[in-house]
Amino acid sequence: LAGYVGFHNLPNQVHRKSVKRGFQFTLMVVGESGLGKSTLVNTLFNSSLYPNKENKEPTHDTPKTVDIQTISADVEENGVKLKLTVIDTPGFGDFVNNEESWRPILENIEARYDAYLEQENRVNRKRIVDTRVHACLYFISPTGHSLKPLDIEFMRQLAARVNLIPVIAKSDTLTEDEIKAFKVRILEDITYNKIQIYQPPIHDNDDPETIQENKDIITRIPFAIVGSDKEVEVNGKKVRGRKYPWGVIEVDNEEHCDFVKLRQMLIRTHMEELKEYTNEVLYESYRMGKLTRGGY
Ligand code: GDP
Ligand code: MG
């Protein structure tokens, strides 16, 4: 075993160290009020994050019209700790004049980049706190038509700064065929307007299983989701879902909606990837822009 130095254990070391430190992830939800943002967040993390609003973090001169809320929770699963922060942006779509209602949201994202940059520039960079937004769920109203001009404007403004993940809200209000056609039109609008949404990358050197998994995720975008924090009974079994006279739409059933795929991507398979892309591409581009504009 000449030349053996043991670096093959590095991934393990990194893994063990981060398990000890705990993981940290920041998710933003954006969309008209009433589209089910709070419900989905609770459904995603299997807990009621919302009743507790004590962790409200004052953001820099946020205009009163858009009350941006930050909620943090420590969740633990099999000894692995995750500090989860959700940034909720209620209110938009509620005003007579929605023009530029994306601005405070974009400012919030950029203020978090500034805070990170400021820490990087300090003499002591040991304890950098990362409050950057790693993913942004954009809720599309289930109209079945196409994107609204306001959606296009919002997505265009946010896309260069954050991993944008479009979702069709309350998809239980549409039929399967309507969802299919709606997805096509949304993607057409996104392409036509050159909006960069988040796509799980396909690496040729990944194992076939991972490649297939990523392709499955990609075909679901924009994710048609259903949120519910209530359980209903189906054949004597309790499931999370929404009850209709003709039956139950189950949140955790992949045949009923894309919730499982979305959660899988966010939590199980692509959390690190989303964080890496935020750091290496989105933040880097913001930082470079700032430097070349002579901000520092
Ligand atoms: P937010 O304003 O975007 O945070 O929306 P909420 O989460 O407060 O939900 C608004 C209303 O929509 C509530 O009455 C929810 O029960 C309901 N709701 C949430 N998610 C869904 C869904 O997936 N389908 C349907 N049909 N209703 C939903
Ligand atoms: Mg809400």
Side-chain angles (χ1 to χ4, degrees), residues 26-57 59 62 64-73 84-95 98 101-102 104-105 108 133 135-144 147-148 150-151 154-155 158 164-176 178-180 182-183 186 220-232 234 238-263 266:
T26 302
L27 177 72
M28 181 181 254
V29 289
V30 175
E32 279 172 53
S33 63
L35 284 185
K37 297 182 296 298
S38 308
T39 307
L40 186 84
V41 168
N42 284 338
T43 314
L44 264 177
F45 300 102
N46 227 348
S47 61
S48 276
L49 289 177
Y50 277 88
N52 174 10
K53 283 184 178 153
E54 272 151 42
N55 283 324
K56 255 182 148 174
E57 174 188 289
T59 45
T62 306
K64 284 222 166 49
T65 45
V66 179
D67 177 22
I68 295 177
Q69 292 176 347
T70 305
I71 307 126
S72 284
L84 177 78
T85 303
V86 177
I87 305 163
D88 196 351
T89 60
F92 101 72
D94 296 349
F95 311 108
N98 286 303
S101 47
W102 47 267
I105 296 170
N108 186 284
V133 182
C136 173
L137 296 182
Y138 187 87
F139 284 64
I140 298 164
S141 178
T143 60
L147 290 180
K148 299 175 185 176
L150 187 63
D151 292 326
F154 250 87
M155 292 172 85
L158 301 184
L164 198 62
I165 302 169
V167 301
I168 299 173
K170 300 186 175 181
S171 70
D172 53 312
T173 61
L174 299 172
T175 66
E176 227 173 289
E178 284 170 332
I179 291 174
K180 241 192 207 153
F182 194 28
K183 281 190 177 185
I186 290 170
R220 300 277 187 141
I221 298 172
F223 299 93
I225 51 164
V226 176
S228 170
D229 29 29
K230 290 192 187 65
E231 294 197 317
V232 290
V234 179
K238 289 223 176 219
V239 296
R240 297 195 295 179
R242 306 194 81 92
K243 203 170 194 146
Y244 286 94
W246 39 264
V248 167
I249 297 255
E250 296 171 35
V251 167
D252 297 284
N253 186 332
E254 286 199 49
E255 316 228 305
H256 290 195
C257 72
D258 300 328
F259 172 79
V260 172
K261 273 279 176 297
L262 171 66
R263 184 184 52 194
L266 283 177

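One is the number of the first residue; the rest follow in order along the sequence. All ligand and atom numbering here is 1-based and tracks the order in the structure.
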Roughly how far, to the nearest 0.5 Å, is the CZ atom of Arg263 from the NZ atom of Lys261?
11.0 Å
Working to the nearest 0.5 angstrom, can you tell me the gap between Ile165 CD1 and Met28 CE?
13.0 Å
For ligand 1, find out whether one of its N or O atoms is nearer than 3.5 Å to an N or O atom of Ser171.
no
Which ligand 1 atoms are under 4.0 Å away from a heavy-atom of Val226?
23 (O)
Honestly, for Phe259 the part within reach of ligand 1 (heavy atoms, under 4.0 Å) is neither
Separation between CG of Leu158 and CD1 of Ile105, rounded to the nearest 0.5 Å:
6.5 Å
Short list, please: which atoms of ligand 1 are under 4.0 Å from a heavy atom of Tyr244?
26 (N)
Check ligand 1 against Gly227 and write out every atom of the ligand that is under 4.0 Å from a heavy-atom position of the residue.
20 (N), 21 (C), 22 (C), 23 (O)
N/O to N/O below 3.5 Å, does that happen between Ile225 and ligand 1?
no
From atom 14 (O) of ligand 1, is the closest protein heavy-atom distance below 4.0 Å?
no
For Lys243, is there an ion pair with Glu231 - N to carboxylate O distance below 4.0 angstrom?
no
Among all protein heavy atoms, pick out the one at the shortest distance from atom 7 (O) of ligand 1; state its residue, atom name and that distance to 0.1 Å.
Thr39 OG1, 2.6 Å
The protein heavy atom nearest to atom 2 (O) of ligand 1 is Gly34 N, 2.7 Å
Separation between CZ of Phe259 and OG of Ser228, rounded to the nearest 0.5 Å
10.0 Å
In the structure I gave you, are the side-chain heavy atoms of Met155 and Leu164 within less than 4.5 Å of one another anywhere?
yes
Using 0.5 Å steps for rounding, measure from the CZ atom of Arg240 to the CG atom of Asp229.
9.0 Å
Give the atoms of ligand 1, by number and element, whose distance to some non-hydrogen atom of Gly36 is under 4.0 Å.
1 (P), 3 (O), 5 (O), 6 (P), 7 (O), 9 (O), 19 (C), 20 (N)
Whether Lys183 and Asp258 form a salt bridge (side-chain N of Lys/Arg under 4.0 Å from carboxylate O of Asp/Glu) is what I want to check.
yes
What's the shortest distance from atom 12 (O) of ligand 1 to any protein heavy atom, and which residue and atom give it?
Lys170 NZ, 3.2 Å
Carboxylate-amine/guanidinium contact Arg220 Glu254, below 4.0 Å
yes
Shortest protein contact, atom 26 (N) of ligand 1 (heavy atom only)
Asp172 OD2, 2.8 Å
The protein heavy atom nearest to atom 21 (C) of ligand 1 is Arg242 NH1, 3.3 Å
Would a 4.5 Å heavy-atom cut-off, applied to side chains only, mark Val41 and Thr39 as touching?
no
Assess Thr39: does it contribute an N, O or S atom lying under 2.8 Å from the Mg ion (ligand 2)?
no
Any idea which protein heavy atom is nearest atom 4 (O) of ligand 1, and the distance to it?
Ser38 OG, 2.8 Å
